[in-house]
Amino acid sequence: MRAVFLDKQTFNDDIDLTSIKAQLSSLKCYQTTAAAELLSHCKDADVIITNKVVLTKEALAQLPQLKLICIAATGINNIDISAAKALGIAVTNVSGYAKGSVAQYVFAQLLEYFNQTSHHNKNTEQGLWQKSSTFCHLGNTITELADKTIGIIGYGNLGQSVATIAKAFNMKVMVAERPKAKTIRAERFAFDDVIAQADVLTFHCPQTPETEGIINQTLFAKMKSNALLINTARGPLVNNLDLINALKNKTIAYAVLDVLDQEPPPADHPLLNANLSNLKITAHIAWASIEAQQRLINILGDNIQAFAQNQRMNRVD
């Protein structure tokens, strides 16, 4: 089988592709693929590997030789799944590869926020400790994670990994049931109860019609005013203007975003230009530890091998 990797630039250069190449007769990698380049890049491919390049119904219809689409991610929003199925094209994704990386990111942000490590390091760099009349220079308040409540929205591999670490810090873990659910599953809590009680609210749910815009004015009004919100899920979960207003008005204390509704974002994106000291934004890197990237690539190789052997592995069609 001949394959193309449409957006290799979404991975570090030193990631080993051996597990993928071993399943193929050839692999051609493109750093990026614009919409206008898609058909020329894919014209001879039996297998397409794509992280975020969009494959529409119209494009798929013009690729009669295509047999398999390997999504190099968990989310499948960039593929017209129903069109692929109608055309007899198999589609696979990967999941579970980034649970350690994302959970580590969440707690890196929490520890920075509650321990104020950058602030205290800067105090020493600026000579404040050296001028202190006592053995320490306290600076900003340090707060313990122990006994704080962390609310987890989305309890797949990522949410479960966050919960495991939270328990090690002696945090109270509240896993939210789906909004408006008529019954509450064991060891879960009503969505609104989690929102109201959480000191930290972290999102790990997929982007669906039900979750788009769920982080909005209504949700902020139910949160504690000293609560911290973290979104490592998908940018469209957030109503941007509602978040800006909530942070400006101190409806909530702080927000950390690793995703935005446009990626890469335009220079004039409202959240990037909000100029808020209580908003931190990173460039969709929570998933991207070197170990998680390699794990993902290895799973892609397994998916291709399984397809070649007429086995269903990580199929989403």
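Position 1 is the first residue of the sequence; numbering continues from there.
Across every non-hydrogen atom of Ser289 and Ser101, the tightest pair is N-OG, 3.1 Å. Contact record, Val4 with Cys42: CG2-SG, 4.2 Å, taken as the closest heavy-atom pair.
The closest side-chain heavy-atom distance from Arg185 to Arg178 is below 4.5 Å. Between Leu271 and Leu260 the shortest side-chain heavy-atom distance falls below 4.5 Å. Side chains of Met223 and Leu201 form a contact here, defined as non-hydrogen atoms less than 4.5 Å apart. Between Arg188 and Tyr155 there is a side-chain heavy-atom pair separated by less than 4.5 Å. Using a 4.5 Å heavy-atom threshold, the side chains of Lys280 and Glu112 count as touching. Contact of the Gln160 side chain with the Val175 side chain is not registered, since no non-hydrogen atoms from C-beta on lie closer than 4.5 Å. Proximity of Val256 to Thr232: side-chain heavy atoms (C-beta onward) are nowhere separated by under 4.5 Å. Counting only heavy atoms from C-beta outward, the side chains of Leu63 and Ile48 approach each other to under 4.5 Å.
Applying the side-chain hydrogen bond (donor to acceptor under 3.5 Å, both in side chains) definition to pairs two or more places apart or across chains, those involving residues 253-264 are Asn240-Asp261, Asp258-Thr282, Asp261-His269, Glu263-His284. Counting only residues at least two apart or on different chains, no ring-ring contact (aromatic ring centres under 6.0 Å, His included) pair has a member in residues 177-204.
Put simply, CD1 on Ile76 and CD1 on Ile79 are 9.0 Å apart, with the number rounded to the nearest 0.5 Å. A distance of 8.5 Å separates OG1 in Thr92 from CG in Asp317, rounded to the nearest 0.5 Å. Separation of atoms CD1 (Ile71) and CG (Leu55) is listed at 8.5 Å; rounding is to 0.5 Å.
For Gln294 and Asn298, the side-chain atoms include at least one donor-acceptor pair closer than 3.5 Å. For the 3.5 Å distance criterion, the side chains of Thr10 and Asn51 qualify, holding a donor opposite an acceptor. There is no side-chain donor-acceptor pair under 3.5 Å between Thr251 and Asn249. Looking only at atom types and distance, the side chain of Asn303 has a donor-acceptor partner in the side chain of Asn314 under 3.5 Å away. Side-chain contact annotation: Asn93 with Ser95, donor-acceptor N/O pair under 3.5 Å absent. Counted by atom type alone, Tyr105 and Gln109 present one or more donor-acceptor pairs between their side chains at under 3.5 Å.
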Open item on the list: Would Lys172 and Asp147 count as a salt bridge (Lys or Arg N to Asp or Glu O under 4.0 Å) here? Give the steps.
Closed with: CA-CA 6 Å; Lys172 179 181 178 181; Asp147 298 324; over 6 Å; no
TODO: Decide salt bridge (Lys or Arg N to Asp or Glu O under 4.0 Å) for Asp199 and Lys224; before the verdict, give the C-alpha distance in whole Å, the side-chain angles of both, and the deciding distance to 0.1 Å.
DONE: CA-CA 7 Å; Asp199 300 297; Lys224 291 181 177 181; 2.9 Å; yes
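Between the Asn273 side chain and the Ala267 main chain, a donor and an acceptor come within less than 3.5 Å of each other.
With respect to Asp7 and Lys52, no salt bridge is recorded, no charged nitrogen being found less than 4.0 Å from a carboxylate O. The pair Asp80-Lys57 does not count as a salt bridge, with every side-chain nitrogen at least 4.0 angstrom from each carboxylate oxygen.
Across Leu60, Val47, Ile49, a single residue satisfies side-chain contact (heavy atoms from CB on, under 4.5 Å) together with Ile69, and that is Leu60.
Side-chain heavy atoms closer than 4.5 Å link hydrophobic residues (I, L, V, M, F, W, Y) into clusters, and following such links, even through other members, never connects Leu39 to Val54.
Ring geometry for Tyr30 against His41 counts as parallel: the plane angle stays under 30°, on a 0 to 90° scale with 60° as the upper cut.
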